[in-house]
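So the structure is just underneath, and the comments pick up after that.
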Amino acid sequence: MIFNTHTHLNVKQFNETYDQVIKDSILKGLTKILVVGFNKETIEKAIMLAEKYEEVYATVGWHPVDAIYATEESFKLIEKYIEHPKVLAVGECGLDYHWDTSPKEVQMKVFKRQIELAIKYKKPLIVHSRDSMKDTYEFLLEEGASEVGGIMHCYTGSVEMVKDFIGLNFLISLAGPVTFKNAKTPKEVARIVPLDKLLVETDCPYLAPEPIRGKQNKAYYVTYILEEIAKIKEIDLNELKRITYNNAIKLFGIGE
Ligand code: NI
């Protein structure tokens, strides 16, 4: 049993193939696949996929890169679906200083609204943070996000900050970078993160792990990420699958 906590089977790259990718994923043991919404189109597509496939769940959120396009309608859309039986979290939301497509204050406003919705509806947050770890941490702290907690998705922060986010009631989710040959920090993060705070994801179609790095990522390539972490932590692969699966089940408050 594998729980992939972050996929984008809702983007156009999978328009022709999502059905096959989901079927192949189920064959490879992925019994839970979270499809993360991040704007109007992807929220609606995530809901559609979650309604179509038993194994698929959705999230509703607005990405910081798209923050300038967020309107009142966007938050209404998030609220419309937030209590949908297959919606597990709010996000992805957060701060992205890498692409810098939306001014910081706009990103923070949009992030704040989603934290408020998560708290109002008691849903965990899925947080995207790129080149913004310190600000993200302080923002989550100030806005009281620890009340609901959530996931630091594709964690790319320092080894030192892992305990800060865990202290805020967040789990650490690792993706493709942990498999990259020269990725010193992600491998060190994998080594030190407590097993009960660890999740796995692909963020597909982006960030394909070794050995398919550079190609289109698929939801079932999460197995490469699990294999690498099992090696780093010197733990049995099936045990790691079971633990990360149960961590996600517990966080989202859903049954087996
Ligand atoms: Ni994502």
Side-chain angles (χ1 to χ4, degrees), residues 5-6 8 10 34-47 50 57-155 157 161 164-173 197 199 201 203 248 250-254:
T5 63
H6 201 110
H8 294 295
N10 48 349
L34 193 51
V35 177
V36 173
F38 55 89
N39 59 25
K40 182 175 189 292
E41 292 71 34
T42 58
I43 287 172
E44 285 166 349
K45 188 77 175 278
I47 298 289
Y57 293 80
T59 76
V60 287
W62 206 272
H63 202 284
V65 166
D66 288 337
I68 39 166
Y69 304 113
T71 63
E72 279 312 308
E73 292 303 309
S74 316
F75 301 112
K76 276 195 196 127
L77 184 73
I78 290 172
E79 213 165 355
K80 174 183 170 189
Y81 289 118
I82 202 165
E83 292 195 294
H84 185 289
K86 293 199 83 182
V87 166
L88 302 184
V90 174
E92 57 184 299
C93 53
L95 301 173
D96 191 314
Y97 299 167
H98 178 78
W99 296 109
D100 211 22
T101 48
S102 296
K104 281 182 192 176
E105 61 274 18
V106 177
Q107 292 190 35
M108 285 178 175
K109 220 160 77 183
V110 172
F111 192 15
K112 183 182 164 77
R113 289 287 295 273
Q114 293 177 83
I115 296 171
E116 287 166 356
L117 284 172
I119 291 171
K120 180 177 173 189
Y121 289 96
K122 301 188 191 336
K123 294 274 176 187
L125 286 153
I126 294 190
V127 173
H128 169 105
S129 176
R130 188 149 181 212
D131 298 345
S132 63
M133 277 297 165
K134 282 221 157 62
D135 279 12
T136 301
Y137 172 74
E138 275 158 27
F139 203 79
L140 289 170
L141 180 67
E142 281 164 21
E143 298 300 325
S146 62
E147 192 179 325
V148 288
I151 301 175
M152 291 307 295
H153 128 71
C154 188
Y155 181 79
M161 286 198 82
D164 297 332
F165 287 107
I166 289 175
L168 278 183
N169 204 13
F170 276 75
L171 277 77
I172 303 294
S173 184
K197 302 296 177 192
L199 298 170
E201 63 167 272
D203 203 19
K250 192 175 152 210
L251 171 71
F252 297 127
I254 54 174

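Residue indices begin at 1 and follow the sequence shown. The basis for the numbers below is simple: all heavy atoms, side chains too, and nothing from hydrogens, waters or symmetry mates.
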[X] versus [Y]: any side-chain heavy-atom pair under 4.5 Å?
X: T101; Y: I68; value: no
X: H8; Y: V36; value: yes
X: N39; Y: H63; value: no
X: V87; Y: Y57; value: no
X: L77; Y: V60; value: no

Task: Y69 atom OH, over 12 foreign heavy atoms within 6.0 Å - done: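 Incorrect, the count does not exceed 12.
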
What distance separates [X] [atom1] from [Y] [atom2], expressed to the nearest 0.5 Å?
X: T5; Y: I151; atom1: OG1; atom2: CD1; answer: 4.5 Å
X: S146; Y: L125; atom1: OG; atom2: CG; answer: 10.5 Å
X: Q114; Y: F75; atom1: CD; atom2: CZ; answer: 6.0 Å
X: M152; Y: M161; atom1: CE; atom2: CE; answer: 8.0 Å
X: I43; Y: H84; atom1: CD1; atom2: NE2; answer: 12.5 Å
X: E83; Y: K122; atom1: CD; atom2: NZ; answer: 10.5 Å

With sequence neighbours excluded, what pairs up with [X] under the side-chain hydrogen bond (donor to acceptor under 3.5 Å, both in side chains) test?
X: Y121; answer: E79
X: D164; answer: none
X: Q107; answer: none
X: S132; answer: S129, T136

Minimum-distance pair of heavy atoms, taken over all atoms of [X] and [Y]:
X: P64; Y: S102; answer: O-OG, 3.4 Å
X: K123; Y: V148; answer: O-CB, 3.4 Å
X: E92; Y: H153; answer: OE1-NE2, 3.1 Å

Open item on the list: Going by the rule ring-ring contact (aromatic ring centres under 6.0 Å, His included), which residues pair with F111 if we only count those two or more places apart in sequence or in a different chain?
Closed with: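 If we apply the ring-ring contact (aromatic ring centres under 6.0 Å, His included) test to F111, skipping adjacent residues, the hits are F139.
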
Task: Partners meeting ring-ring contact (aromatic ring centres under 6.0 Å, His included) with Y137 (sequence neighbours left out) - done: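 With neighbours one apart ignored, the set is F165.
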
Open item on the list: List the residues meeting salt bridge (Lys or Arg N to Asp or Glu O under 4.0 Å) with E73, not counting sequence neighbours, and say none if there are none.
Closed with: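 Here the qualifying residues are K76.
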
Open item on the list: Applying the side chain to side chain contact (heavy atoms under 4.5 Å, CB included) criterion to L140, which one of L95, D135, L168 satisfies it?
Closed with: L168

Sequence neighbours excluded, which residues qualify as side-chain contact (heavy atoms from CB on, under 4.5 Å) partners of [X]?
X: A89; answer: T59, P124, I126, F252
X: K45; answer: N10, N15, Y18, M48, L49
X: R130; answer: D96, H98, W99, H128
X: A50; answer: V56, A58, K86

Open item on the list: For residues 102-115, which residue pairs pass the salt bridge (charged side-chain N to carboxylate O under 4.0 Å, His left out) check, not counting sequence neighbours?
Closed with: E72-R113, K112-E116, K112-E143

Open item on the list: Any side-chain to backbone donor/acceptor pair from E201 onto C154? Under 3.5 Å, distance only.
Closed with: yes

